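Inspection log for the structure reproduced underneath, given as structure tokens.
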Number of protein chains: 2
Amino acid sequence: MAPPPEPRQGADWLRAVAQEVRTFDRSSTAERVAELLRHRVIEGDLPPGTRLSEEQLVEVLHVSRNTLREAFRLLTHEGLLVHLLHRGVFVPELDEDDLVDLYRLRRTIECDVVRRLERLDPVRLRPLHDDVAAGEDAARRDDWDAAGTANMRFHQHLVALAGSRRIDETAARLLAELRLAFHTVAAPQRLHEPYVSRNRGLLDLLVAGETDRAAKELEVYLHDSETQLVGAFRERSGRNP
Amino acid sequence: MAPPPEPRQGADWLRAVAQEVRTFDRSSTAERVAELLRHRVIEGDLPPGTRLSEEQLVEVLHVSRNTLREAFRLLTHEGLLVHLLHRGVFVPELDEDDLVDLYRLRRTIECDVVRRLERLDPVRLRPLHDDVAAGEDAARRDDWDAAGTANMRFHQHLVALAGSRRIDETAARLLAELRLAFHTVAAPQRLHEPYVSRNRGLLDLLVAGETDRAAKELEVYLHDSETQLVGAFRERSGRNP
DNA sequence: CTTGGGGGATCGTTGAACGACTGCCTAGGT
DNA sequence: ACCTAGGCAGTCGTTCAACGATCCCCCAAG
């Protein structure tokens, strides 16, 4: 009720409110719809190749066609939907070229971020610890979807160490598209199991401040992951031409 | 008139047509509007901070408000416009933090691309030769806007050597935003002059196949460019608070 | 088997409308 | 004088209905 007697003290308090407002009020309908669809796509509920009918979604979501189309634009630019003129939007079907392209960008971003790390405050590794723990926990529970999620978060937090907004955004787009790829092959355990321990190893190297070795390890890590994913991809397209 | 007697020969011919169609028919109104505005923003015709009124632009461009808004979304996601809820879209005013963030991403992308080059077919350096020549020519004519354009194209073609669609797109966004920064400081000659010869030097290293040295040179090149730009930026904000 | 139309469904774009929000200006209180 | 609340334009956010354009599928003719 009473206003804070010290205006100085109010500063961080106000910041907390501002943070809350940002996720609360500061979202247009289009962004909320986009968020909803984003989850559906990332979680794999909408299989690649699905067409998202404007008419149907307008009906279900109770938003206007224009608003829905704005949400489509949002997701299209994140690579989570593709827009074909006069045909509509689809959940993209990534092919092998997309996979290697994705990993090409992923290698340059992640490896370079790690390589350039220096004077790393251990506190900033906290989120990485949590993600690794979450991955190990999920593995124990045989919940390989959760393990995959934890893995994605680990890598997102890894590049966040660079402290660059634009690098974060690029990585976010990248990892979201990658999840799409995971869903097209759909073999969660084989895909994610090896990396719960390798993430742990990577983190240990970072804790020890061995950024060069970590970068090198990450390089082969990503190489392995790519070949494995490409392999699984070929298997799948072999038995499903 | 007569169809080609050899269907085999038609293959590359068809590809050329497909290419043409892609730029001709394959653009929605929103994309054409976006392209138009993109040029205005990149060329600096719209100074940073300008608000783009929906009402006015609808009037001038003879498109509907919804279409215009789709174009806005397109450019917003390229970083060329910022969208403030209930306030409209503006040409962004980059601050110093944006500059270092931009260069942070730029270093990881460009340097890593160069570092990973190997077995480079000299033919693929052709566009780089053209850009360097264009830069030198523009410098002779004291046309520093053209020199800046040539420089941007040089760097775009440089990352294109990686042969990755997503890296190209990331770089394109990055360089477009950077042009925005150039326009806020507006000292074309001092900004671009040093780099027409440095681009030449970089290209020579690539021709010689010395990718490691090229990567190292690019590292200090970008570092110099950043400090110079930040310096110019501080000058400007000093005399224009 | 290829080529050349319908037909139906869906998209692209428009224009108008109404509620909601922002920034500014003014009036009123201290 | 200074600060605060309230009103007032000006825009934006969102919705709705409609029309033309385009694509896909299917079927008939060559």
Side-chain angles (χ1 to χ4, degrees), chain A residues 1-5 7 10 14 17-18 20-37 46 49-77 81-93, chain B residues 1-7 10 14 18 21-37 49-77 81-93:
Chain A
M1 272 295 182
L14 285 177
V17 172
E20 204 158 321
V21 166
R22 202 159 298 148
T23 65
F24 184 77
D25 172 39
R26 230 49 187 186
S27 63
S28 67
T29 307
E31 279 163 16
R32 264 171 294 151
V33 171
E35 176 63 24
L36 194 152
L37 294 177
L46 301 168
T50 313
R51 186 170 73 86
L52 279 64
S53 159
E54 292 188 356
E55 207 175 14
Q56 282 180 28
L57 284 174
V58 161
E59 180 78 15
V60 174
L61 298 173
H62 300 289
V63 298
S64 87
R65 243 179 95 210
N66 290 315
T67 303
L68 179 63
R69 286 163 67 83
E70 287 208 359
F72 281 168
R73 291 277 181 193
L74 255 34
L75 296 173
T76 298
H77 279 278
L81 295 177
V82 291
H83 193 155
L84 279 59
L85 196 61
H86 290 291
R87 291 188 47 205
V89 302
F90 299 80
V91 181
E93 301 186 280
Chain B
M1 273 297 182
E6 288 279 332
L14 285 177
V21 166
R22 201 160 300 148
T23 65
F24 184 77
D25 173 38
R26 231 46 187 190
S27 63
S28 66
T29 307
E31 279 163 15
R32 263 172 292 148
V33 170
E35 176 63 25
L36 194 153
L37 293 177
T50 312
R51 186 172 74 87
L52 278 67
S53 158
E54 292 187 357
E55 206 175 13
Q56 283 179 28
L57 284 174
V58 161
E59 180 78 15
V60 174
L61 298 173
H62 300 288
V63 298
S64 88
R65 238 179 99 214
N66 290 314
T67 303
L68 179 63
R69 285 164 66 83
E70 287 210 359
F72 281 168
R73 288 281 180 189
L74 254 34
L75 296 172
T76 298
H77 279 278
L81 294 177
V82 291
H83 194 152
L84 278 59
L85 198 60
H86 289 291
R87 292 189 46 203
V89 302
F90 299 79
V91 181
E93 300 185 279

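Sequence lines set the chain letters: A, B, ... in the order given, protein chains first and strands last, and positions in each chain run from 1. Keep in mind that the numbers below use all heavy atoms, side chains included, and drop hydrogens, waters and symmetry copies. Nothing here was measured: the structure is a model prediction, and the numbers come from that model.
- Between A:L61 and A:L68 the shortest side-chain heavy-atom distance falls below 4.5 Å.
- Atoms CG and OG, on B:N66 and A:S64 in that order, are 8.0 Å from each other to the nearest 0.5 Å.
- Under 4.0 angstrom from either OP1 or OP2 of C:dT13 there lies no side-chain N or O belonging to B:S64.
- Nucleotide C:dT10 holds its P atom 17 Å from the CG atom of A:L85, rounded to whole Å.
- Protein atom CG of A:L61 is 15 Å distant from nucleotide atom C1' of D:dT15, rounded to whole Å.
- Atom CD of B:E70 and atom OG1 of B:T29 lie 9.5 Å apart (nearest 0.5 Å).
- For B:T29 and C:dT13, the shortest distance from a side-chain N or O to OP1 or OP2 is below 4.0 Å.
- B:E55 places its CD atom 16 Å from the P atom of D:dA9, with the value rounded to the nearest Å.
- Taking only side-chain nitrogens and oxygens, B:H83 comes nearer than 4.0 Å to OP1 or OP2 of D:dG13.
- Taking atom CD on B:E54 and atom C1' on C:dA16, their separation rounds to 15 Å, with Å as the unit.
- The distance from atom CZ of A:R51 to atom P of D:dC25 is 11 Å, rounded to the nearest whole Å.
- For B:R65 and C:dG15, the shortest distance from a side-chain N or O to OP1 or OP2 is not below 4.0 Å.
- Look at B:R87 and you'll find a side-chain N or O under 4.0 angstrom from OP1 or OP2 of C:dG23.
- Put simply, the side chain of B:N66 and the base of C:dG12 share no donor and acceptor less than 3.5 Å apart.
- At D:dG13, one or more side-chain N or O atoms of B:R69 fall inside 4.0 Å of OP1 or OP2 (strictly under the cut-off).
- For C:dT14, one of the phosphate oxygens OP1 or OP2 lies less than 4.0 angstrom from a side-chain nitrogen or oxygen of B:T67.
- Following rounding to the nearest Å, B:L84 (CG) and C:dG23 (C1') show an atom-to-atom distance of 13 Å.
- Between the CZ atom in A:R69 and the OG1 atom in A:T67 there is a gap of 11.0 Å [rounded to 0.5 Å].
- A:H86 places its NE2 atom 11 Å from the C1' atom of C:dT10, with the value rounded to the nearest Å.
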- Message: What verdict does the side-chain contact (heavy atoms from CB on, under 4.5 Å) test give for B:F72 and B:L81, after you've listed the backbone C-alpha separation in whole Å, the side-chain angles of each residue and the deciding distance to 0.1 Å?
- Response: CA-CA 7 Å; B:F72 281 168; B:L81 294 177; 3.9 Å; yes
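- Protein atom CD of A:Q56 is 14 Å distant from nucleotide atom C1' of C:dC11, rounded to whole Å.
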